[in-house]
Amino acid sequence: MEAPNRGRRTLRCGNAVPPVAQDGEPPGPKARPADLEPQQCRQVKGCGWTGGLDWPSGVPVGWQAFLGRQEYSEQRLLNSFGNVFTFISRDGFNKIQILVNFLNGENGSHYVTIQSMVKYELDNQLVDLDKRGSHPESGSRTLLHLHRTLRWLELFFERLRTSTEDSKTSVMCTDAYIESLSQHHPLGIQTAVRNTFCDLPGRPTFFEVMNVGGAEKVVDMLGDAVPMISKVYQITEDLYAQNNLLALP
Ligand SMILES: CCCCCCCC/C=C\CCCCCCCC(=O)N[C@@H](COP(=O)(O)O)[C@H](O)/C=C/CCCCCCCCCCCCC
């Protein structure tokens, strides 16, 4: 279960970055198209997010589709929105890398599914449950952060799917953030993240960067993706709730 919504507010871009212009296009560098290849879109749609939770071959691939592979930094979708997104994508990379390292490590067989990972780490006291201690980067804790981000993504995509031409991506993104992930972030991070969202391009450019096709195709793609994201989110949420892992430090 998510924490109760604390102070849902309308977007106020901070002073640190210029405000989004009237037409929805922020000042500064334009996003480049074609950062999310059709193949990657298929991965996002079908990246194992079907309930099987074979996450090493699914979830990290899905996240990589958004983030681009680390070695090709110029291809990162987020970076196409400007360098200010680097601090967000870096954290995403680091967390995916932690999971991939577990999978490739000597105990990798325990990390093949989310369920087996949670069981293995709990059975072997490999998770810091109450306060940060000797396992600050357990698989369970790392995945929890990506899981919370998935909720943001679900909310953002649903807003994007039902948006109109004059909707602002920065507002949709921020509202989704306030409703989900922000509740787990300290104030300093919240401010930085919200300021960063002000740099997002307007809806037309954003759709172009997604490289799915016209607006209708984007809406179709999102219509397929959102239920899959919801399903994976719910399965993970239930597993973590059953094991009292939703508030890991
Ligand atoms: C085609 C559609 C475009 C949308 C694609 C968006 C894909 C988003 C992909 C990756 C996001 C990066 C994942 C970030 C994970 C954040 C986990 C987290 O909460 N980490 C915090 C705790 O870390 P520890 O240090 O304690 O281990 C950390 O403090 C937070 C850092 C800042 C992260 C802010 C996350 C904001 C999430 C939304 C990113 C979306 C970017 C907007 C693009 C439209």
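Remember, it's 1-based here, ligands and their atoms both numbered in the order they're listed.
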Of the choices [options], which has the non-hydrogen atom that lies closest to [atom]?
| atom | options | answer |
| --- | --- | --- |
| atom 19 (O) of ligand 1 | Arg90, His185, His184, Arg148 | His185 |
| atom 32 (C) of ligand 1 | Phe87, Phe207, Phe157, Phe197 | Phe87 |
| atom 23 (O) of ligand 1 | Lys95, His145, Arg141 | Lys95 |

Contact region, Arg194 to ligand 1, non-hydrogen atoms below 4.0 Å, reads neither
Heavy atom under 4.0 Å from ligand 1: found in Ile88's side chain, backbone, both, or neither?
both
Could you tell me whether the side chains of Gln242 and Asp238 share a donor-acceptor contact shorter than 3.5 Å?
no
Kindly write out the residues that satisfy ring pair (Phe, Tyr, Trp, His ring centres under 6.0 Å) with Tyr177, not counting sequence neighbours, or none if the list is empty.
His185, Phe197
Is it the case that the side chain of [X] and the backbone of [Y] share a donor-acceptor pair, with hydrogens and angles ignored and the cut-off at 3.5 Å?
| X | Y | answer |
| --- | --- | --- |
| Tyr240 | Ser140 | yes |
| Gln190 | Ser182 | yes |
| Arg159 | Cys173 | no |

Enumerated ligand 1 atoms positioned under 4.0 Å from heavy atoms of [X]:
| X | result |
| --- | --- |
| Phe206 | 3 (C), 44 (C) |
| Leu181 | 35 (C), 36 (C), 37 (C) |
| Val193 | 34 (C) |

Under 3.5 Å between some N or O of ligand 1 and some N or O of Trp152?
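Min N/O separation from ligand 1 is not below 3.5 Å for Trp152.
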Give every residue pair that meets the salt bridge (charged side-chain N to carboxylate O under 4.0 Å, His left out) criterion with at least one member in residues 121-142, sequence neighbours excluded.
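Qualifying pairs, neighbours excluded: Lys119-Asp123.
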Quickly, which of Leu144, Leu129, Leu239 forms a side chain to side chain contact (heavy atoms under 4.5 Å, CB included) with Leu245? Name it, please.
Leu129
